[in-house]
Structure formats: C-alpha cells, structure tokens
Amino acid sequence: IMNAGEICRYLYVIESGGAWKFYTNNGIKIPTDFAFTKEIIFSFQSYTTQSPSIEYIQTLEDSYIQQIEYGVFEEFRQKYPILSQLDTLFLEYQILRLE
C-alpha cells in the first residue's frame, strides 16, 4: 500500500482483510500497528506532517481497501465542522491504540 520514503497522502479504510505497518532496522521488520476489517491504517507522522514516512504499510492477506485523500479530507473538514470533532476523537483513539 505504501513504502518507506513516500508521503502518506491517504487514510486507508479496510473494508475486508487486514494490513500492518512496520519499519525496518538492520533488515528486520519491526511492526508498529495492525488493522483489520472496519479499521483505518495510515502513517500517522507522515500523514499529519505530509513528510516522507519511515514506515511501510502492507496487506496481510487479500483485502479490499478504500482510501481517503489528505486534501479531500481537509476540504471536507473545513466545510463540515463535525468532521473536525470526529477527527479529534479518531486521533485520540489512535493514540490509545498505540499505547
């Protein structure tokens, strides 16, 4: 889905299947997150800063994934303030999952 060095320009919504996020250290894959059906996965730092990611995102199996583009989501957040509230809740949820 995404390679290290790329800018994460999408939120990936897993409709079915699963994906994982990882970085490499001396050729060893170090997992940082897993997501499955009805969950979202993205490179948090890269997405929020729009800078190159150190992480990869790969599917774990045959999966159906939709993507929401960064710019489109930002436009909708400005147009529909409720999305900003939902985005804040989502970010809090992501932080809790990572802990």
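Side-chain contact between Y56 and T24: present, with at least one pair of heavy atoms (C-beta onward) separated by less than 4.5 Å.
Taking OH of Y23 as the reference point, atom CD1 of I30 lies at 5.0 Å (rounded to 0.5 Å). The NZ atom of K21 sits 11.5 Å away from atom CD1 of I1, with the distance rounded to the nearest 0.5 Å. Note that the SG atom of C8 and the CD atom of Q67 stand 10.0 Å from one another [nearest 0.5 Å].
Both V72 and L83 are assigned to one and the same hydrophobic cluster, defined by single-linkage of ILVMFWY side chains at heavy-atom distances under 4.5 Å. Hydrophobic clustering, with ILVMFWY side chains joined whenever heavy atoms are under 4.5 angstrom apart, keeps L11 apart from I65. With hydrophobic clusters built from ILVMFWY side chains whose heavy atoms lie under 4.5 angstrom apart, I68 does not share a cluster with Y10. F73 and F44 fall within the same hydrophobic cluster, where Ile, Leu, Val, Met, Phe, Trp and Tyr residues are linked whenever their side-chain heavy atoms come under 4.5 Å apart, directly or through other members.
In terms of modelled atom types and a separation under 3.5 Å, the side chain of Q58 and the main chain of N3 share no donor-acceptor contact. In this structure a side-chain-to-backbone donor-acceptor pair under 3.5 Å is missing from Q78 to E75. In this structure a side-chain-to-backbone donor-acceptor pair under 3.5 Å is missing from S63 to T59.
The aromatic rings of F34 and W20 sit parallel, their planes meeting at an angle under 30°, below the 60° perpendicular limit. Relative orientation of the Y47 and F42 rings is perpendicular, given thresholds of 30° and 60° on the angle between their planes.
Just one of L60, I14, I41 meets the side chain to side chain contact (heavy atoms under 4.5 Å, CB included) condition when paired with F36; it is L60.
Within 6.0 Å of the CD atom in E74, the count of heavy atoms belonging to other residues, nucleotides or ligands exceeds 12.
For residues 27-44, the set of pairs meeting the side-chain hydrogen bond (donor to acceptor under 3.5 Å, both in side chains) definition, not counting sequence neighbours, comprises E15-K38, T32-E55, D33-R97, S43-S53, S43-E55.
Contact detail for S51 and S46: the closest heavy-atom pair is O-OG, 2.5 Å.
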